[in-house]
Amino acid sequence: MDKLTEILKQKFGHTSFRDGQKEIIQQVIEGKDVIAILPTGMGKSLLFQLPAYLMKGTVVIVSPLLSLMQDQVEQLKMMGEKRVVAINSFLSFEQKESVFQNLSGYKFIFTSPEMLQNNRFNRALSSIQIAYVVADEAHCISQWGFDFRPDYLRISKWLQTFPKTSVLALTATATKKVVQEIKRTLHMKEPYEYVHSLDRPTIAYEVKQLDDQKEKVAWILGRITTTNGPGILYTQSRKKTESYVEELLKKGIRAAFYHAKMEQDDRVLIQQQFQQGKLDWICATNAFGMGIHKDNIRQIIHDHIPTSISSYMQEIGRAARDGKQSIASLVYTNSDVEQAFYVAMQDFPEEADIKLVYQTDDVQIQLSETTTRILNYWKEILSEQETMDLFYEIKQKKRMEIQKLFTLFQNEWCIREQLLNNFDEQLKERPINCCTVCSYGIHHVLTERTEQKEEEKQLNWKNRLNELLY
DNA sequence: CGGTTTCCTAGTATTAGGAAACCGGTGCTATACT
């Protein structure tokens with residue numbers, strides 16, 4: 001047995017590697033930059049955990065969410081790894097100090113891009129040996145960096161402080177452009193690239209255009225009350241998540257809503273209950289998703305047009321991790337396109353806002369917190385005109401992303417093929433239950449809803465076929 | 001931009017109808033104040 005497999009067995013309790021894992025791990029150990037694009041549930045954490053045991057120094061993992069960090073820390077502790085810490089706002093000033101003073105004692109440090117700007121943290125980091133840096137959910141760099149969380153772009157400068165450190169970037173979806181942005185931001189030199197197929201053969205695609213909002217709501221409520229979950233209903237506003245749940249509860253569906261304006265504790269609770277099978281449906285905004293451990297999600301429904309093909313892929317990709325037949329349904333009306341444009345643009349600075357930021361120092365009162373923060377970032381590195389041009393460009397791009405997805409749903413071409421083509425991938429084999437455009441078998445995908453309390457009973461879901469789609 | 005909700009008025013019943021107001025995603029951290 002070779003050394004890698006030995007450690008795999010000894011530390012992680014597996015006897016063999018999955019597709020691509022071994023090659024990626026070898027490259028990391030050799031100190032190469034690596035970018036790996038592979039679906040969630042394909043053993044991503046192993047990729048950054050295992051090499052740590054064959055290399056000197058500490059692994060720094062940059063993670064987008066506090067809950068994700070907590071989760072990973074717990075997972076490692078369960079495996080018996082004690083040298084692990086999450087450095088973020090959950091730690092008090094004193095706790096941080098004590099961690100910084102003993103930083104080399106940790107094998108794994110999880111942290112946020114924002115925290116990487118902390119001087120005290122950086123001084124402590126520069127005194128220890130860093131094995132490699134991991135950018136978890138690396139698509140956030142281009143998804144959030146430009147107009148939401150500028151510290152994602154600041155990683156670039158931060159990395160220059162550690163010029164010899166190699167970087168491992170992990171994500172589930174990335175177009176060629178996004179990969180380019182990740183490479184550039186993380187200063188990757190000829191990285192080893194591993195791209196797993198993005199096709200999910202057991203997810204069938206259903207797209208339906210309806211005339212108005214009422215019809216849409218009725219259709220969705222009908223679907224959820226007559227067919228089996230577990231499922232996620234994605235909506236475009238927080239209010240709607242709540243109103244859907246209200247209706248579903250009346251009809252005896254075990255549902256709960258989830259969005260960013262809820263208390264953190266409630267969010268954790270809802271996610272846990274869903275994962276444990278105590279809830280069948282979650283009605284959520286795009287806040288719900290990263291870090292969900294549930295492999296038997298059978299349905300994803302969208303009642304709107306998401307803001308890009310990538311976010312759509314991320315959202316539907318949460319279904320069918322157990323490899324069993326599932327369905328992703330999207331229902332929209334014509335007005336939903338305009339809504340999507342508006343929502344994507346509403347926090348964007350106007351020309352007047354940009355001028356204001358360049359001419360005044362304190363603009364907090366007039367602009368939203370996000371706008372102020374993002375413009376202050378660009379003010380540091382660009383002239384007023386350059387920022388104007390940049391935001392014009394970003395705006396155009398955002399519009400195009402939405403338009404592309406909308407066009408895709410309207411085209412009379414296979415949805416699966418179109419989605420894959422967007423990531424420069426060709427469809428190799430068409431599953432029987434493909435999509436509403438090209439497949440006749442799609443009506444076998446759904447089964448009738450049954451009143452089942454325990455998760456195990458739902459395992460025979462796919463065996464009971466029922467015609468429910470049309 | 002488009003939908004939903006709220007408000008107002010007419011004109012006298014307790015509601016119809018139209019205009020105006022409102023609302024619309026994603027997360028980190030630091031700090032002041034209970």
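Within every chain, numbering begins at 1; the chains are lettered A, B, ... in the order of the sequence lines, protein sequences first and strands thereafter.
Classified by interplanar angle (parallel below 30°, tilted 30° to 60°, perpendicular above 60°), the ring pair A:F409/A:Y312 is perpendicular. Ring geometry for A:F108 against A:F48 counts as perpendicular: the plane angle is over 60°, on a 0 to 90° scale with 30° as the lower cut. Using cut-offs of 30° and 60° on the angle between ring planes, the pair A:F257 and A:H259 is parallel.
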> According to the Watson-Crick and G-U wobble definition with distances under 3.5 Å, which dot-bracket string, read 5' to 3', encodes DNA chain B, using [ ] for crossing pairs and | for pairs with another strand?
Replying inline: ((((((((((....))))))))))..........
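In this model, the phosphate group of B:dG27 is not approached by any side-chain N or O of A:S112 to a distance below 4.0 Å at OP1 or OP2. Regarding contacts with the backbone of B:dC28, every side-chain N or O of A:S89 stays at 4.0 angstrom or more from both OP1 and OP2.
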Distances for protein N or O near nucleotides 20-24 of chain B N or O, under 3.5 Å:
{"unit_1": "B:dG24", "atom_1": "O6", "unit_2": "A:Y342", "atom_2": "OH", "d": "3.1"}
{"unit_1": "B:dG24", "atom_1": "N2", "unit_2": "A:Q339", "atom_2": "OE1", "d": "3.1"}

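Candidate nucleotides B:dC28, B:dG2, B:dG25 were compared by shortest atom distance to the side chain of A:E369, and B:dC28 ranks first. The side chain of A:N286 lies closest to B:dT26 when the candidates are B:dC28, B:dT26, B:dT29. Side chain of A:D347, nearest nucleotide from B:dT26, B:dT4, B:dG27: B:dT26. The side chain of A:N88 has B:dT29 as its nearest neighbour among B:dT29, B:dA30, B:dG27. Distance from the side chain of A:L66 is smallest for B:dT29 among the nucleotides B:dT29, B:dT26, B:dG2.
Each of A:I182, A:V179, A:T173 was compared with A:I37 under the side-chain contact (heavy atoms from CB on, under 4.5 Å) criterion, and only A:V179 meets it. Partner of A:Q271 under the side-chain contact (heavy atoms from CB on, under 4.5 Å) criterion, out of A:D266, A:I292, A:L279, A:I282: A:I292 alone.
Spacing between B:dA13 and B:dG17 at atom C1', rounded to whole Å, works out to 15 Å. Rounded to a whole angstrom, the distance from the P atom of B:dG11 to that of B:dC7 is 23 Å. One P atom belongs to B:dT34, the other to B:dA30, and the distance between them is 22 Å to the nearest Å. Straight-line distance between the P atoms of B:dT4 and B:dG25: roughly 15 Å, to the nearest whole Å. B:dT26 and B:dC22 have their C1' atoms separated by 22 Å, with the value rounded to a whole Å.
Between the P atom of B:dT26 and the CD1 atom of A:I141 lies a distance of 22 Å, rounded to the nearest Å. In this entry the distance linking CZ of A:R373 with C1' of B:dT26 reads 11 Å, nearest Å. Atom CG in A:D151 sits roughly 11 Å away from atom P in B:dA30 (whole-Å rounding). Here B:dT26 presents its C1' atom at 12 Å from CD of A:E114, a figure rounded to the nearest Å. As rounded to whole Å, 8 Å separates atom C1' of B:dC28 from atom CE of A:M69. The distance between atom CD of A:Q117 and atom C1' of B:dA30, rounded to the nearest whole Å, is 15 Å. As a whole-Å value, the separation of A:D212 CG from B:dG3 P is 9 Å. With rounding to whole Å, A:L91 atom CG is found 14 Å from B:dC28 atom P.
Under a 3.5 Å cut-off, the side chain of A:D212 and the backbone N or O of A:E215 do form a donor-acceptor pair. Side-chain atoms of A:R200 come within 3.5 Å of backbone N or O of A:A319 as a donor-acceptor pair. No donor-acceptor distance shorter than 3.5 angstrom exists from the side chain of A:R238 to the backbone of A:M262, with no hydrogens or angles considered. No donor-acceptor distance shorter than 3.5 angstrom exists from the side chain of A:S329 to the backbone of A:E206, with no hydrogens or angles considered.
Within 4.0 Å of A:T370, counting heavy atoms only, lies at least one base atom of the nucleic acid. Using a 4.0 Å heavy-atom criterion, one finds that A:K214 contacts no nucleic acid atom at all. Contact annotation for A:P64: backbone-only contact, meaning every heavy-atom pair under 4.0 Å involves sugar-phosphate atoms and none involves a base.
The stretch residues 255-273 of chain A comes close to DNA chain B through A:H259, A:A260, A:R267, each having a heavy atom under 4.0 Å from the strand.
Under the stacking definition used here (centres under 5.5 Å, planes under 30°), the residue A:F341 fails to qualify as stacked on the base of B:dC1.
Heavy atoms only, all atoms of each residue included: A:L210 and A:K216 are closest at CD1-CA, 3.6 Å. In terms of heavy atoms, A:K324 sits closest to A:R298 at O-NH2, 3.2 Å.
Remark: A:E369 engages A:R373 in a salt bridge, criterion side-chain N to carboxylate O under 4.0 Å. Look at A:K261 and A:E242 and you find no salt bridge, because none of the NZ, NE, NH1 or NH2 atoms lies under 4.0 Å from a carboxylate O.
DNA chain B is contacted by both A:P150 and A:D336; A:D336 maps to the nucleotide lying nearer its 5′ end (nearest heavy atom per residue).
Judged purely by distance below 3.5 Å, without hydrogens or angles, the side chains of A:Q129 and A:S104 never pair a donor atom with an acceptor atom.
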